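Accompanying notes for the structure given below.
Please read these numbers as outputs of a predicted model, since none were measured by experiment.
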Amino acid sequence: AFELGFSPSGYQDECPNCTGSSGILVTYRIDRGPMRDANGGKCKWLDHATLGSGWYMGEEKFYPCPVCSQDRLSDYCRINCGLDAQGQMMTVGDLKTVPGKTAARKKALDIINSKDPAGFVTLHGEYGTGKTHVLKIVINALRMQRTIARYVTLSDILAEIKDRFGDRAVTAGDIVTSYQSYKALAIDEVDKINLTDWSRDILFQLMDARYNRASDQLTILAMNMTPEAYGKKHDMGYLTSRMQGGEVIEVSGADMRKVK
């Protein structure tokens, strides 16, 4: 069966699974297709990730949404937050008050205590200064508040897209929709991949869309390089401008990997 209309809203007052308060999931059981035409109105046009776009003959089915009808939003947030067991144990108490990290700590607390977290934030600094630590604490705190939040590395995003769509051509809109579902999205290790034309296009579409929704969605990026150095190295001045248009915070000081 092909799920229809699955576009998680990412907002706390709407179910991320069925995108509303109806408590109903609509699916389409495919019997035949893709076909050349609508066959007299008996077929439905579907953009199927595996079979391809086209007209398909089948039947609509309706099911109770297991997330909102069974009050499983907390489970949904936990399963989809991108954190492992250790990450799901991290709390604001793990934010260290040490030199070089004060601004990042304050920003993290502001986000966590906000009723409606939003913005476009970039953390940069040397290896081991605690950027990943901050990202995971923020995402874990938000998911415990039943906010649809996800931690992911940029390389994992690209790997997930390749696994999902294989060698099939994928539009930028497909990618944007997939990752536009999260109220809060933390992308780590932005500067740790070798960019190809394909990954460059994906990065542009995703970052541009998230930046344009900065008034009602939260995006946090982490990287070792400064935004200026990153843009110059990869000829991606547009991304530097997006970062600078948001909030840029340097994370420096002691190597947190050595702090017990």
Side-chain angles (χ1 to χ4, degrees), residues 3 5-23 25 65-95 103-123 130-154 156-157 160 175-190 206-222 242-243 246-247 249 251:
E3 211 164 77
F6 179 73
S7 178
S9 65
Y11 293 94
Q12 292 171 302
D13 57 352
E14 295 180 5
C15 174
N17 200 41
C18 65
T19 71
S21 58
S22 64
L25 279 177
C65 172
V67 174
C68 63
S69 66
Q70 299 176 29
D71 193 24
R72 294 177 56 190
L73 182 55
S74 294
D75 290 338
Y76 183 95
C77 292
R78 175 180 55 79
I79 292 169
N80 291 280
C81 71
L83 298 173
D84 58 18
Q86 183 178 4
Q88 292 180 27
M89 295 179 65
M90 301 175 82
T91 69
V92 293
D94 296 318
L95 287 170
R105 181 180 187 275
K106 181 181 183 302
K107 186 61 184 180
L109 292 175
D110 288 345
I111 291 171
I112 292 169
N113 294 325
S114 171
K115 294 182 179 179
D116 186 25
F120 198 87
V121 182
T122 302
L123 305 181
K131 302 179 298 296
T132 296
H133 206 62
V134 172
L135 263 57
K136 289 184 176 182
I137 288 172
V138 168
I139 293 303
N140 195 44
L142 292 179
R143 72 95 185 165
M144 292 179 69
Q145 297 172 12
R146 292 160 63 99
T147 296
I148 312 304
R150 182 177 176 86
Y151 166 86
V152 67
T153 65
L154 182 57
D156 283 341
I157 289 179
E160 181 179 344
I175 308 305
V176 171
T177 299
S178 175
Y179 278 91
Q180 197 61 14
S181 62
Y182 299 98
K183 171 64 173 173
L185 180 64
I187 306 177
D188 204 356
E189 302 179 354
V190 173
L206 176 59
M207 296 301 184
D208 192 55
R210 296 293 306 190
Y211 178 79
N212 289 333
R213 294 289 302 276
S215 62
D216 58 15
Q217 288 186 337
L218 172 67
T219 303
I220 316 178
L221 311 177
R242 297 299 187 274
M243 292 176 180
E247 188 171 358
I249 299 174
V251 186

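- Residues passing the side chain to side chain donor-acceptor pair (under 3.5 Å) test with Glu247 are Lys107, sequence neighbours excluded.
- Nearest heavy-atom pair, Ile112 versus Leu142, reported as atom, atom and distance to 0.1 Å: CA-CD2, 4.4 Å.
- The CD atom of Gln217 sits 4.0 Å away from atom CZ of Arg210, with the distance rounded to the nearest 0.5 Å.
- Shown here for Ala149 and Tyr182, the closest heavy-atom pair between the two residues is C-CD2, 4.3 Å.
- With sequence neighbours excluded, no residue forms a side chain to side chain donor-acceptor pair (under 3.5 Å) with Asn80.
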Any chance you could lay out the side chain to side chain contact (heavy atoms under 4.5 Å, CB included) test for Tyr151 and Val138, step after step, and finish with the verdict?
-> CA-CA 9 Å; Tyr151 166 86; Val138 168; over 6 Å; no
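- Side-chain atoms of Asn140 do not come within 3.5 Å of backbone N or O of Lys136 as any donor-acceptor pair.
- Annotation: the span from Ser215 atom OG to Leu218 atom CG amounts to 12.0 Å, rounded to 0.5 Å.
- The shortest heavy-atom contact between Thr147 and Cys77 is O-SG, 3.7 Å.
- Once rounded to the nearest 0.5 Å, the distance linking CG of Asp188 with OG1 of Thr132 reads 3.5 Å.
- Counting all heavy atoms, side chain and backbone alike, Gln180 lies closest to Arg213 at NE2-CG, 2.9 Å.
- The backbone N or O of Asp216 lies less than 3.5 Å from a partner atom in the side chain of Lys183, making a donor-acceptor pair.
- Ile187 has its side chain within reach of Met207: a pair of non-hydrogen atoms, C-beta onward, lies under 4.5 Å apart.
- Separation of atoms CG (Leu135) and NZ (Lys131) is listed at 9.5 Å; rounding is to 0.5 Å.
- Between Tyr179 and Leu185, the shortest heavy-atom contact is O-CD2, 4.0 Å.
- The nearest pair of heavy atoms linking Thr153 to Glu189 is CG2-OE1, 3.8 Å.
- Salt-bridge formation is detected for the pair Arg242/Asp208: a Lys NZ or Arg NE/NH1/NH2 atom is positioned less than 4.0 Å from an Asp or Glu carboxylate oxygen.
- In this structure, the side chains of Ile220 and Val134 stay at 4.5 Å or more apart for every pair of heavy atoms.
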